[in-house]
Amino acid sequence: MISPELQTLITNRILELPDYTQESLSAVPWVDILGQIAAKYRLNEIQSNAFISESAMVLLDLVNPELYKTNIINHVVVSSEIANQMIAEVIERVITRLQAEQANIIQSIPSLVDQVMSENSGDEVPVKPVPVTIVSTEENINLETLKSQSLSTASIRSNLSADIYREPIE
């Protein structure tokens, strides 16, 4: 079982995330999937809990994803080859589903804004939509330009299709 301290840390981290990220985490049974992956590799209870804990900490950005393989090898106590296979399965079965779910939620935001705008059309203070621009993280982002923009016109830059595990796992 996950330690109470880690469970509290994970719960607090989830509550700090944006609503759409919380929704995607709720929509995908990622803990169950991680348990299935652990069972596939016949991990014992201690190993399984370590694998789920390490994976959760990476998914919630509590630890550097570059340490994921090393942490799986050291804390789950599996070979480098098995760690690679497990990580590939986490990417395929969990991360891509979470990314797709977030993309679906974010794509529904404009219709939600339209709905709120129409409901508030008779109000004295109309709700203004915030401009959102989705761009690739592969583009150079000039921080000085962003800092100079006023808060009301700053664009939100995000890359929903970015795969932090794009590099081959060694």
Side-chain angles (χ1 to χ4, degrees), residues 1-110 112 132-143 146 155-170:
M1 195 68 179
I2 298 175
S3 72
E5 296 85 12
L6 180 58
Q7 183 62 47
T8 301
L9 182 65
I10 289 171
T11 301
N12 290 340
R13 177 63 179 138
I14 290 173
L15 293 174
E16 293 171 359
L17 296 171
D19 290 342
Y20 64 88
T21 303
Q22 290 181 33
E23 287 180 41
S24 65
L25 287 169
S26 297
V28 176
W30 57 278
V31 175
D32 294 338
I33 295 169
L34 293 172
Q36 293 167 4
I37 294 170
K40 176 181 176 180
Y41 290 92
R42 298 185 175 154
L43 301 180
N44 64 35
E45 185 177 355
I46 293 169
Q47 290 174 305
S48 179
N49 288 331
F51 172 66
I52 292 169
S53 297
E54 292 300 331
S55 299
M57 289 190 295
V58 168
L59 291 171
L60 299 173
D61 200 28
L62 292 170
V63 297
N64 185 338
E66 293 177 12
L67 299 175
Y68 190 36
K69 179 181 175 183
T70 302
N71 289 343
I72 295 295
I73 292 169
N74 292 333
H75 299 165
V76 180
V77 191
V78 295
S79 69
S80 177
E81 182 180 323
I82 296 297
N84 283 340
Q85 293 171 8
M86 293 171 73
I87 291 168
E89 200 160 338
V90 169
I91 292 167
E92 179 185 329
R93 295 181 60 194
V94 177
I95 294 173
T96 55
R97 286 181 66 184
L98 287 170
Q99 288 175 334
E101 188 62 35
Q102 276 194 349
N104 290 336
I105 291 168
I106 289 179
Q107 286 175 353
S108 69
I109 290 175
L112 177 62
V132 176
T133 304
I134 300 174
V135 297
S136 171
T137 55
E138 294 172 5
E139 294 179 3
N140 293 328
I141 298 174
N142 185 334
L143 293 178
L146 285 177
S155 298
I156 299 171
R157 298 182 181 266
S158 173
N159 182 3
L160 300 175
S161 63
D163 185 352
I164 60 174
Y165 297 98
R166 210 179 292 170
E167 297 294 323
I169 300 171
E170 299 177 0

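From a predicted model like this one, the values you see are computed outputs, not experimental measurements.
The minimum heavy-atom distance linking Ser24 with Leu98 is given by the pair O-CD2, 3.6 Å. When every heavy atom of Leu60 is checked against every heavy atom of Arg13, the shortest pair comes out as O-NE, 2.7 Å. When every heavy atom of Ile72 is checked against every heavy atom of Phe51, the shortest pair comes out as CD1-CD1, 3.6 Å. Scanning all heavy atoms of the two residues, the minimum distance from His75 to Ala50 falls at O-CB, 3.5 Å.
Once rounded to the nearest 0.5 Å, the distance linking CG of Leu67 with CD of Glu54 reads 9.0 Å. To the nearest 0.5 Å, atom OH of residue Tyr41 and atom CD of residue Glu89 are 4.5 Å apart. The structure places CG of Leu9 at 5.0 Å from CG of Leu62, a figure rounded to the nearest 0.5 Å. In this structure, the separation between CD1 on Ile37 and CG on Leu43 is 10.0 Å, given to the nearest 0.5 Å. Met86 contributes atom CE, which lies 11.0 Å from atom CD1 of Ile73 (distance to the nearest 0.5 angstrom). To the nearest 0.5 angstrom, Ile82 atom CD1 is 4.5 Å from Gln85 atom CD.
Distance alone, capped at 3.5 Å, is enough to place a donor-acceptor pair between the Ser26 side chain and the Gln22 backbone. Under a 3.5 Å cut-off, the side chain of Ser55 and the backbone N or O of Ile52 do not form any donor-acceptor pair. Using a distance-only test at 3.5 Å, with no hydrogens or angles considered, no donor-acceptor pair links the side chain of Thr21 to the main chain of Leu17.
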Fill in: side chain to side chain contact (heavy atoms under 4.5 Å, CB included) evaluation trace for Ile33 with Arg97
CA-CA 11 Å; Ile33 295 169; Arg97 286 181 66 184; 3.2 Å; yes
Practice prompt. Would you sort out whether Glu101 and Glu23 count as a side chain to side chain contact (heavy atoms under 4.5 Å, CB included), showing the intermediate values?
Written response: CA-CA 8 Å; Glu101 188 62 35; Glu23 287 180 41; over 6 Å; no
Discussion item. The test is side chain to side chain contact (heavy atoms under 4.5 Å, CB included); show your working for Tyr68 and Val90 and say whether it passes.
Written reply: CA-CA 11 Å; Tyr68 190 36; Val90 169; 3.5 Å; yes
Fill in: Candidate pair Gln102 and Ile105, rule side chain to side chain contact (heavy atoms under 4.5 Å, CB included), full reasoning
CA-CA 5 Å; Gln102 276 194 349; Ile105 291 168; 5.7 Å; no
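Side chain to side chain, Thr11 and Gln7 meet the donor-acceptor criterion of an N or O pair below 3.5 Å. When only modelled atom types and interatomic distance are considered, Gln47 and Arg42 share no side-chain donor-acceptor pair under 3.5 Å.
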